[in-house]
Amino acid sequence: MNEKINEAMNILGVEELIGEIKEKEIQVIAFRLKDELVSVPIEQVVEITNNRDITPVPKAHSYIIGVMNLRGKIVPVINLKEHLGIKDEIPENVYTKNKIVIVETHKGEVGVVVDDIVGSIKFLEGDVLPEPIGTIGIDVKYISGVVQLEGELLIILNIESIFNQEV
């Protein structure tokens, strides 16, 4: 009889352990691009900086604002809103007053001008949903998924897809 109880406890213990396996937690850096709350995985964020001097680059793509010097390294800085098709005007003082998220891409570091830094947000992997097609003004190929927060949708950008084109 004791063997059956021990066997039952072992089975119960294993099931309890299986139930306690935690779902993977994801952490992102969230920021605003006009009215959209967007984010990138924290592993791809190198640095967040502001008020950096940006030097315009003649004959560059229209979404490339210019380049900046980041500790001796020349980093391209882009207008992600234009690149993603979010209609908005670039402020005239963007070359001196700005908020920039430096992200690591397969092509190297790239600076992304953002309107506001929201901060770090954590959620479970199971909370990530596919983008509801046609409801967000960003092409789905640039989105890894969305997370429903309290009263707002967080868009997770696919950095590799965004920078798969020429920068």
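Atom set for the values below is all heavy atoms of this structure, side chains included, hydrogens, waters and symmetry mates excluded. FYI, the numbering just counts along the sequence from 1. Values in this document were obtained by computation on a predicted structure and should not be read as measured data.
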Item to complete: Spell out, yes or no, whether L129 and I138 are grouped together once hydrophobic residues are joined by side-chain heavy atoms under 4.5 Å, including indirect joins.
Response: yes

Discussion item. For a quick test of reading the model, state the closest non-hydrogen atom pair linking M68 to D53 and the distance between them.
Written reply: CB-O, 3.6 Å

Practice prompt. First locate atom NZ of K141, then atom CG of N158, and finally report the distance between them rounded to the nearest 0.5 Å.
Written response: 11.5 Å

Response to the item:
To the nearest 0.5 Å, atom CD of E152 lies from atom CG of L149 at 7.0 Å

Discussion item. Once rounded to the nearest 0.5 Å, what's the spacing between atom CD1 of I65 and atom CD1 of I54?
Written reply: 5.5 Å

Fill in: N51 atom CG: more than 12 heavy-atom contacts under 6.0 Å
yes

Worksheet item: Mind checking whether I78 and V45 sit in one hydrophobic cluster, side chains of I, L, V, M, F, W, Y counted as touching below 4.5 Å?
Response: yes

Fill in: Check against side-chain contact (heavy atoms from CB on, under 4.5 Å), V101 and L80
CA-CA 11 Å; V101 177; L80 189 58; over 6 Å; no

Discussion item. Using a 3.5 Å distance criterion without hydrogens, assess whether the side chain of N98 forms a donor-acceptor pair with backbone atoms of V94.
Written reply: yes

Worksheet item: Any side-chain heavy atom of L84 sitting closer than 4.5 Å to one from D139?
Response: no

Worksheet item: With the 4.5 Å side-chain cut-off for hydrophobic clustering, are V46 and V75 part of the same group?
Response: yes

Contacts table for residues 113-122: side-chain donor-acceptor under 3.5 angstrom, sequence neighbours left out:
residue : atom : partner : partner atom : Å
D115    : OD1  : K81     : NZ           : 2.9
D115    : OD2  : K34     : N            : 2.5
D115    : OD2  : K81     : NZ           : 3.1
D116    : OD1  : K99     : NZ           : 3.4
S120    : OG   : Q27     : NE2          : 2.5

Worksheet item: Hey, quick one: are F123 and L37 part of the same hydrophobic cluster, counting side-chain heavy atoms closer than 4.5 Å, chains of contacts allowed?
Response: yes

Worksheet item: For residues 61-76, which residue pairs qualify under salt bridge (Lys or Arg N to Asp or Glu O under 4.0 Å), counting only residues two or more places apart or in two chains?
Response: E47-R71, K73-E109

Worksheet entry | Value rounded to 0.5 Å, distance of CD1 in I156 from OG in S144 | 6.5 Å

Item to complete: Could you label the plane-to-plane angle of the Y63 and H83 rings as parallel, tilted or perpendicular, counting under 30° as parallel and over 60° as perpendicular?
Response: tilted

Worksheet item: Could you walk me through whether V112 and V103 pass the side-chain contact (heavy atoms from CB on, under 4.5 Å) check?
Response: CA-CA 8 Å; V112 174; V103 294; 4.2 Å; yes

Worksheet entry | Exam field: side chain T105 to backbone E160, donor-acceptor pair closer than 3.5 Å | no

Worksheet item: What's the verdict on side-chain contact (heavy atoms from CB on, under 4.5 Å) for V38 and L154, showing C-alpha distance, side-chain angles and the deciding distance?
Response: CA-CA 6 Å; V38 297; L154 172 68; 6.0 Å; no

Fill in: Verdict with supporting geometry, F31 and I48, side-chain contact (heavy atoms from CB on, under 4.5 Å)
CA-CA 11 Å; F31 48 89; I48 298 171; over 6 Å; no

Fill in: Cluster check I143, V128: I/L/V/M/F/W/Y, side chain < 4.5 angstrom
no

Fill in: Straight-line distance of K87 NZ to E82 CD, nearest 0.5 Å
8.5 Å

Fill in: Distance in Å, N69 CG paired with T55 OG1, rounded so as to fall on 0.5 Å steps
8.5 Å

Discussion item. Testing the basics here: between A30 and S39, what is the closest heavy-atom pair and its distance to 0.1 Å?
Written reply: CA-CB, 3.9 Å

